[in-house]
Amino acid sequence: MAPEGPIHVLELWHGPTLAFKDLGLQLLGSILQHYLEKRDTHLNIMVGTSGDTGSAAIEACVGRPRLHIHVLFPDVQYCVRECLGYDHTAYGC
């Protein structure tokens, strides 16, 4: 947050994918990982997207070994690597 006189401005585009969705999804990823560790279990997450939601969701799972993400795109020609520029195996998702 940057102070602008009596007003504070929160810029939402400073996350890993530069999308406003990063703010909520990073928090959700942390909360889920904490809960899953306490319960000693894993979670599969399925995301259907045609835009930047998939990349933000993938980034929310990076470094969280109990979260496993599967991203679906409307065109079967797309894959995570081609559409988002990620090698999902390198990220452990």
Side-chain angles (χ1 to χ4, degrees):
M1 254 189 338
E4 293 289 333
I7 299 172
H8 287 74
V9 178
L10 179 61
E11 297 175 342
L12 301 179
W13 59 84
H14 294 288
T17 69
L18 306 177
F20 73 91
K21 297 168 181 85
D22 289 328
L23 181 69
L25 289 172
Q26 290 293 314
L27 176 63
L28 180 61
S30 294
I31 291 170
L32 287 173
Q33 180 67 21
H34 174 77
Y35 177 75
L36 294 168
E37 285 174 355
K38 288 182 82 167
R39 305 226 67 215
D40 192 27
T41 190
H42 293 257
L43 178 66
N44 285 303
I45 300 170
M46 186 170 292
V47 178
T49 184
S50 61
D52 61 355
T53 304
S55 59
I58 289 170
E59 283 294 333
C61 294
V62 171
R64 295 182 171 97
R66 294 181 180 272
L67 294 175
H68 309 283
I69 188 161
H70 311 275
V71 182
L72 305 175
F73 296 95
D75 185 339
V76 295
Q77 299 299 316
Y78 287 170
C79 73
V80 173
R81 184 182 185 108
E82 292 169 346
C83 188
L84 303 174
Y86 290 108
D87 178 357
H88 66 284
T89 57
Y91 283 96
C93 293

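Residues take their numbers from the sequence shown, with the count starting at 1. Because the structure is predicted, anything quoted here is derived from the model rather than measured.
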Asks: What about Leu23 and Leu18, same hydrophobic cluster or not, with Ile/Leu/Val/Met/Phe/Trp/Tyr joined at side-chain heavy-atom distances under 4.5 Å?
Replies: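 Different hydrophobic clusters.
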Asks: Does the side chain of Gln26 reach to within under 4.5 Å of the side chain of Pro16, using non-hydrogen atoms?
Replies: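 Side-chain contact under 4.5 Å: yes.
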Asks: Could you name each residue pair satisfying salt bridge (charged side-chain N to carboxylate O under 4.0 Å, His left out) that touches residues 30-43, not counting sequence neighbours?
Replies: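 Every salt bridge (charged side-chain N to carboxylate O under 4.0 Å, His left out) pair that includes a residue of residues 30-43, provided the two are not neighbours, is Asp40-Arg66.
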Asks: Looking at every heavy atom in both Gly29 and Leu67, which two are closest together, and how far apart are they?
Replies: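 Minimum heavy-atom contact is O-CD1, 3.8 Å.
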Asks: Within this structure, what is the NE2-CG distance for the pair His68 and Leu36, rounded to the nearest 0.5 Å?
Replies: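 With rounding to 0.5 Å, NE2 (His68) is 8.5 Å from CG (Leu36).
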Asks: At what distance, to the nearest 0.5 angstrom, does CG of Leu25 lie from OG1 of Thr17?
Replies: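 Leu25 atom CG to Thr17 atom OG1 measures 8.5 Å (nearest 0.5 Å).
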Asks: With salt bridge (charged side-chain N to carboxylate O under 4.0 Å, His left out) as the rule and sequence neighbours excluded, what pairs involving residues 12-32 come up?
Replies: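 For residues 12-32: Lys21-Asp52.
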Asks: In Å, rounded to the nearest 0.5 Å, how long is the span from CD1 of Ile45 to CD1 of Ile58?
Replies: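 That separation rounds to 11.0 Å.
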Asks: Given a cutoff of under 4.5 Å between side-chain heavy atoms of I, L, V, M, F, W and Y, with clusters grown through shared members, what are the other residues clustered with Met46?
Replies: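 Once heavy-atom contacts under 4.5 Å are chained together, Met46 belongs with Leu72.
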Asks: Name all pairs fulfilling the ring-ring contact (aromatic ring centres under 6.0 Å, His included) condition that reach into residues 15-36, sequence neighbours left out, sorted by first residue then second.
Replies: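 ring-ring contact (aromatic ring centres under 6.0 Å, His included) check on residues 15-36 returns no pairs.
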Asks: Under the rule for side chain to side chain donor-acceptor pair (under 3.5 Å), what residues qualify as partners of Ser30, not counting sequence neighbours?
Replies: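 Ser30 satisfies side chain to side chain donor-acceptor pair (under 3.5 Å) with Arg64 only.
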Asks: State which residues pass ring-ring contact (aromatic ring centres under 6.0 Å, His included) with His14; sequence neighbours excluded, sorted by chain then number.
Replies: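 Residues passing ring-ring contact (aromatic ring centres under 6.0 Å, His included) with His14: none at all.
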